[in-house]
Amino acid sequence: SHRWSAIDWANQPRGEQIVTTLQMAARPTTTYGRRWRLPRGRGIEGAEVSPPVDPYLLGLWLGDGATNAGYIHNAPADYVELSAGIDHTISRDARAGVVRWLPTGLRAKLRAMGLLGNKHIPGAYLYASRAQRLELLRGLMDTDGHTTPRGNCTWAQKDRALAGQVAELVRSLGDRASVVVAQDARSTTGESCKVHFSPAIRPFRLRRKAGRFPWRKRTSTHWPAVETVEPVTSVPVRCIAVDSEDHLFVIGRGFHLTHNTHRWYTPRLKHAYQTMMLNIPKRRTADAWSLEV
């Protein structure tokens, strides 16, 4: 009996309505396919933090940094722009056409954060402010990301766990993201992992990438569809109510919106209650009465 705010795709003019999981399970499809769609979320806001490493710089290292050191490797044309404003030293690299640069103090900070030899996005960064998460994403995309002229973006690397975190980062900003894993004999992990998304916001700082698309709000709106509803063994749960106008809150790594507030909060029943309470004082010629449950 968990409650959801959902749209019945066979009756769209009604707009969002509050339905239970059981009600969705009883009528899962229409003649057009999946019936129930959830409202599209905007991700989360997060709180401003003071991280040891600037979010954009961390994104650069996670993308093109040496796993066991603080060095970052870039093509010469990109290096000048990416390293601007960052105190660093340059080291020679045996590979032709690559600049190897070391941001001052980065190695020690990465070691203290447990990132050397273990590339991942720390939790403090995943739930930082929206602006800080966007800068982290830009660092990742300026190094290991690209876009088509239509604004369809892809981030690619060999680390499946990191790819999952990048997808979570994108979703936390309010966009869809899908992860595709394929076998790749050239990869040290035997896999290549790609995160696909089409954002309205500009996910790059690097001019040659940022200038490929105007980065505007999409004309089409995606509503996450309920694929299946499957029964599971019942366990004790606690229902919650969120003190906001729509009572929606975010759940899961997909950052989907759900409701689960008692039906008392639906507009129709609130209006009925208010009407009854306003009419009770009018019964001056009879015994005033009230029954509440």
Side-chain angles (χ1 to χ4, degrees), residues 43-91 98-116 118-147 151 153-157 159 161-175 177 195 197-213 215:
I44 58 174
E45 293 305 317
E48 188 82 18
V49 298
S50 300
V53 179
D54 176 79
Y56 180 73
L57 178 57
L58 179 62
L60 294 180
W61 179 79
L62 289 171
D64 280 350
T67 303
N68 295 299
Y71 288 104
I72 300 174
H73 304 85
N74 297 120
D78 290 343
Y79 152 74
V80 174
E81 191 175 342
L82 295 179
S83 63
I86 300 175
D87 187 32
H88 66 279
T89 56
I90 298 178
S91 173
V98 175
V99 177
R100 184 187 187 203
W101 58 289
L102 175 63
T104 303
L106 179 59
R107 183 189 293 121
K109 292 176 181 178
L110 293 173
R111 182 182 292 110
M113 295 167 66
L115 293 177
L116 284 186
N118 179 28
K119 278 190 175 184
H120 65 277
I121 301 176
Y125 288 81
L126 274 177
Y127 297 98
S129 71
R130 185 178 290 267
Q132 289 175 313
R133 281 179 283 125
L134 178 56
E135 288 305 304
L136 172 61
L137 178 63
R138 284 171 173 165
L140 288 158
M141 294 298 290
D142 279 352
T143 49
D144 281 343
H146 70 270
T147 180
C153 297
T154 301
W155 180 89
Q157 220 188 73
D159 189 330
L162 183 56
Q165 287 192 308
V166 172
E168 184 176 349
L169 177 64
V170 172
R171 292 169 187 147
S172 78
L173 292 167
D175 284 296
V195 179
F197 62 107
S198 301
I201 54 176
R202 175 173 57 85
F204 302 101
R205 272 198 201 177
L206 201 61
R207 286 192 295 269
R208 68 177 178 83
K209 296 182 178 182
R212 300 199 72 193
F213 184 73
W215 310 109

Gap separating the [atom1] atom of [X] from the [atom2] atom of [Y], nearest 0.5 angstrom:
{"X": "Ile201", "Y": "Leu137", "atom1": "CD1", "atom2": "CG", "result": "6.5 Å"}
{"X": "Leu206", "Y": "Asp78", "atom1": "CG", "atom2": "CG", "result": "4.5 Å"}
{"X": "Ile72", "Y": "Leu60", "atom1": "CD1", "atom2": "CG", "result": "5.0 Å"}
{"X": "Tyr71", "Y": "Thr89", "atom1": "OH", "atom2": "OG1", "result": "6.0 Å"}

Are side-chain heavy atoms of [X] and [Y] found at a separation under 4.5 Å?
{"X": "Leu58", "Y": "Leu110", "value": "yes"}
{"X": "Trp61", "Y": "Val53", "value": "no"}
{"X": "Pro103", "Y": "Leu57", "value": "yes"}
{"X": "Leu169", "Y": "Leu140", "value": "yes"}
{"X": "Tyr127", "Y": "Ser172", "value": "no"}

With a 3.5 Å distance limit and no angle check, can you tell me whether [X] reaches the backbone of [Y] through a side-chain donor-acceptor pair?
{"X": "Glu81", "Y": "Arg207", "value": "yes"}
{"X": "Arg130", "Y": "Gly46", "value": "no"}
{"X": "Lys119", "Y": "Thr67", "value": "no"}
{"X": "Arg133", "Y": "Pro55", "value": "no"}
{"X": "Trp101", "Y": "Ser91", "value": "no"}
{"X": "Trp155", "Y": "Thr143", "value": "no"}
{"X": "Glu135", "Y": "Asp54", "value": "no"}
{"X": "Asp142", "Y": "Arg205", "value": "yes"}
{"X": "Lys209", "Y": "Thr147", "value": "no"}

Heavy-atom pair of closest approach, residues [X] and [Y]:
{"X": "Cys153", "Y": "Met141", "result": "CB-CE, 3.8 Å"}
{"X": "Val166", "Y": "Ile121", "result": "N-CD1, 4.3 Å"}
{"X": "Gly114", "Y": "His120", "result": "O-CE1, 3.7 Å"}
{"X": "Ala200", "Y": "Asp175", "result": "N-OD1, 3.9 Å"}
{"X": "Arg202", "Y": "Ala210", "result": "CD-CB, 3.7 Å"}
{"X": "Ala47", "Y": "Gln132", "result": "O-OE1, 3.9 Å"}

Angle class for the Phe213/Trp215 ring planes (parallel below 30°, perpendicular above 60°, tilted otherwise)? perpendicular

Step by step, work out the side-chain contact (heavy atoms from CB on, under 4.5 Å) result for Leu106 and His88. CA-CA 9 Å; Leu106 179 59; His88 66 279; over 6 Å; no

